Colleague: 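Quick one: structure below, then a few questions.
Index from 1, following the sequence. Just so it is clear, the structure is predicted and the values come from calculations on it, not from any experiment.
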Amino acid sequence: MSHPQSYEILLVPEFKESTGAPVPGIAIRSAVVAATGDTGASGYPRYAGDGMEADIDPATHTVEALLVDGAELDYGLTVRIAERRAEAGEETAEGTGEETGDR
């Protein structure tokens, strides 16, 4: 099975009823991560770049593990991913990661 060579990871705040919070659904940080050729501790392919390391299930496009600048995801953030098409240079929405900071 062929795995995507890169994804764009989007960190999106979850909806909270408080003033001054970022608007839900708008990414507050993003990173393009490329396949490293390694398998992460979760057993899924490892991707890295722009300060993020992620284990992503290529079948479901789910982020199984994520480090942001070497730390776990902050509470209140959700991960979304988009598969990148290297041939066309376009990004396409492929799904969302299920990883959240609410653990």
Colleague: For a side chain to side chain contact (heavy atoms under 4.5 Å, CB included) with Met52, tell me which candidate from Leu11, Asp69, Leu67, Val79 qualifies.
Modeller: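 Exactly one candidate clears the test, Leu11.
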Colleague: Is there a side-chain contact between Val12 and Leu77 (heavy atoms, below 4.5 Å)?
Modeller: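 Side chain of Val12 against side chain of Leu77, heavy atoms only: no contact under 4.5 Å found.
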Colleague: Working to the nearest 0.5 angstrom, can you tell me the gap between Ser42 OG and Asp57 CG?
Modeller: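 Taking OG in Ser42 and CG in Asp57, the distance rounds to 8.5 Å.
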Colleague: CG of Asp55 to OG1 of Thr39: how many Å apart, nearest 0.5 Å?
Modeller: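 Answer for the CG-OG1 pair, Asp55 versus Thr39, is 8.5 Å.
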Colleague: Please report the closest heavy-atom contact between Ala31 and Gly49, naming both atoms and the distance.
Modeller: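 What the structure gives for the nearest pair is CB-O, 3.8 Å.
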Colleague: Decide yes or no on side chain to side chain contact (heavy atoms under 4.5 Å, CB included) for Leu66 and Ile9, but give the supporting numbers first.
Modeller: CA-CA 10 Å; Leu66 177 69; Ile9 295 179; 4.1 Å; yes
Colleague: Using only atom types and a distance under 3.5 Å, with no angle test, would you say the side chain of Asp38 pairs donor to acceptor with the backbone of Arg46?
Modeller: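 Not at all, since once roles are kept as given, no pair shorter than 3.5 Å links the two residues.
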Colleague: Check whether Tyr7 reaches the backbone of Ala54 with its side chain - one donor and one acceptor, N or O, closer than 3.5 Å.
Modeller: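 Checked: no pair found.
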Colleague: Would Ile56 and Thr62 count as a side chain to side chain contact (heavy atoms under 4.5 Å, CB included) here? Give the steps.
Modeller: CA-CA 6 Å; Ile56 301 175; Thr62 300; over 6 Å; no
Colleague: What's the verdict on salt bridge (charged side-chain N to carboxylate O under 4.0 Å, His left out) for Arg29 and Asp74, showing C-alpha distance, side-chain angles and the deciding distance?
Modeller: CA-CA 12 Å; Arg29 181 165 173 183; Asp74 289 336; over 6 Å; no
Colleague: Are Tyr44 and Ile81 connected in the hydrophobic side-chain network, where two residues link if heavy atoms are under 4.5 Å apart?
Modeller: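 Each belongs to a different hydrophobic cluster.
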